[in-house]
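See below for the structure under consideration.
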2 protein chains.
Amino acid sequence: MSLRHGLLGILAEGPASGYDLAGRFQEVLGMVWPAQHPKIYAELGKLADEGLIEVDSVGARGRKAYRITPEGLAEVRRWLTSTEVDHTMRLQALLRSVFFWLMPADDLRRHLEAEAAYYQRTADFYRELAAAKDRGEYGDSPPTQAIRIAAEAGIRLHQALADWAAWAQTAPLSTDDDPDA
Amino acid sequence: MSLRHGLLGILAEGPASGYDLAGRFQEVLGMVWPAQHPKIYAELGKLADEGLIEVDSVGARGRKAYRITPEGLAEVRRWLTSTEVDHTMRLQALLRSVFFWLMPADDLRRHLEAEAAYYQRTADFYRELAAAKDRGEYGDSPPTQAIRIAAEAGIRLHQALADWAAWAQTAPLSTDDDPDA
DNA sequence: CTCGAACATGTCCTAAGGTACATGTCCGTT
DNA sequence: AACGGACATGTACCTTAGGACATGTTCGAG
């Protein structure tokens, strides 16, 4: 249940509406923790019921901005410092790699090339994000510095996968070329 | 819905029981695609209903070994070659890093050290696995070669995270040292 | 022969995630 | 004045994941 803490963490930066939060999860956070607006609105309702957040203001078009409460701030801090990190890494690309031997050699080559290109693109995206932060385009507030650190992980992870996909094309593997079996 | 394809892929290597599959998912696959036995038994039932696998033999202690059918094999191949890769990378450690600025500096330092140690350990685990494969301890059948490739990804990803955690300790970050707020 | 560990399969319930559906507002352009 | 796009919030439903519970068997060690 990390979504609630993700929401609390973003709200710790300042008040935001469900729509705002959905946007944030879409752009940057979405690559590391996808969340759709229905889940977000539902979770915000629960957090408000529990007193971890409260309505800050109601604006035009029914916009409801939430503000984190002291209890909510304490809860994110507790999560960050006192709970075990879940190291689960569900990567479909890696699951697929276990079954590469079932792919015709030609399809596999194309697949690895596409994968390498995708990961390289994504690594470059994070590289650009990091560069923009380093140029000071987003200021240097603590939240911005933290996102810079997260971006570095994005760069390193995706570059590692891009290099891996390139390496995999040179690795020995007898593929099963007969699709009729 | 990758679990079904994960099961089909393992069964493509040869007949296995739900218990066997749970074991396989626990050891190696578990790090990339966790699955508990209740899910596995349920999915095996569905796969059998759809004719993608069938009961191969019933042994002692109610052991039911399943065998992949030609339709099942075609389905894994279809999944591998004709479906889009889901690049979602849900990493709690990365989500947390976005909120590092909320952690007291001392807790953060300890946290990053523990994280670095964990990732280094895991990278070394995959390194040992890869070395064993390279020494030929598991033969050199196509499935073994594929697992060697997957292990390489495990090494690179976890090493990247270990290096990142070490780097993060040197990155500029004004943390919020006041837990009462 | 007894007992514990590993073998072996399953049900049930809850939580979490994802898609589709549904509704209404405000603003800028044509 | 009409319309489209971005803003904004929600409900309903279905699938997937995970933990708790439940049951019975075989085998080896003491």
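Each chain gets a letter, A, B and so on, in the order the sequences are listed, and its residues count up from 1.
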Practice task
In whole angstrom, give the distance that lies between atom NE2 of A:His37 and atom P of C:dC21.
Solution key: 13 Å
Handout entry: For atom CG of B:Asp86 and atom P of D:dT16, their distance in whole Å
Key = 13 Å
Practice task
Give the rounded distance in Å between these two atoms: CD of B:Gln92 and P of D:dA17.
Solution key: 18 Å
Practice task
Would you indicate what B:Arg90 reaches in the nucleic acid, counting non-hydrogen atoms under 4.0 angstrom: base, sugar-phosphate, or nothing?
Solution key: sugar-phosphate
Fill in the blank from the handout: Taken to the nearest whole Å, CG/A:Leu3 to P/C:dG18 is 10 Å
Handout entry: Pairwise 5' ranking along DNA chain C for B:Gly18 and A:Ala60, keeping only the more 5' one
Key = B:Gly18
Completion exercise
The residue, A:Arg61 or B:Ala65, whose nearest nucleotide of DNA chain C is more 5′ is B:Ala65
Practice task
Considering just the side-chain nitrogens and oxygens of B:Tyr19, establish if one lies under 4.0 Å of OP1 or OP2 belonging to C:dC7.
Solution key: yes
Practice task
Using whole Å, report how far NZ of B:Lys39 lies from P of D:dT16.
Solution key: 6 Å
Problem - Residue A:Gln36, side-chain atoms from C-beta onward, closest of D:dG19, C:dG18, D:dT9 - result: C:dG18
Practice task
Identify whether any heavy atom of B:Pro34 sits under 4.0 Å from a base atom; if not, whether one sits that close to sugar-phosphate; answer base, sugar-phosphate or nothing.
Solution key: sugar-phosphate
Practice task
Would you kindly give the OH-to-P distance between B:Tyr41 and D:dA17, to the nearest whole Å?
Solution key: 18 Å
Handout entry: Rounded interatomic separation in angstrom, taking NZ from A:Lys46 and C1' from C:dG17
Key = 11 Å
Handout entry: Residues B:Asp106, B:Arg109: salt bridge by 4.0 Å N-O rule
Key = yes
Practice task
Ignoring the backbone of A:Pro38, work out which of D:dA8, C:dG10, D:dA12 is nearest its side chain.
Solution key: D:dA12
Exercise for the section: Inspect the contact between A:Glu71 and A:Arg78 and indicate whether a charged nitrogen and a carboxylate oxygen are less than 4.0 angstrom apart. Expected result: no
Practice task
Starting at atom CD1 of B:Ile40, determine the distance to atom P of D:dT16, rounded to an integer number of angstrom.
Solution key: 15 Å
Problem - Proximity of A:Phe25 and A:His37 rings by center, below 6.0 Å - result: no
Exercise for the section: For the pair B:Glu152 and B:Arg148, find out whether any cationic side-chain nitrogen is under 4.0 Å from an anionic carboxylate oxygen. Expected result: yes
Practice task
With B:Arg96 as the cation and A:Trp79 as the aromatic partner, state whether NZ or CZ is under 6.0 Å from the six-membered ring centre and within 45° of the axis.
Solution key: yes
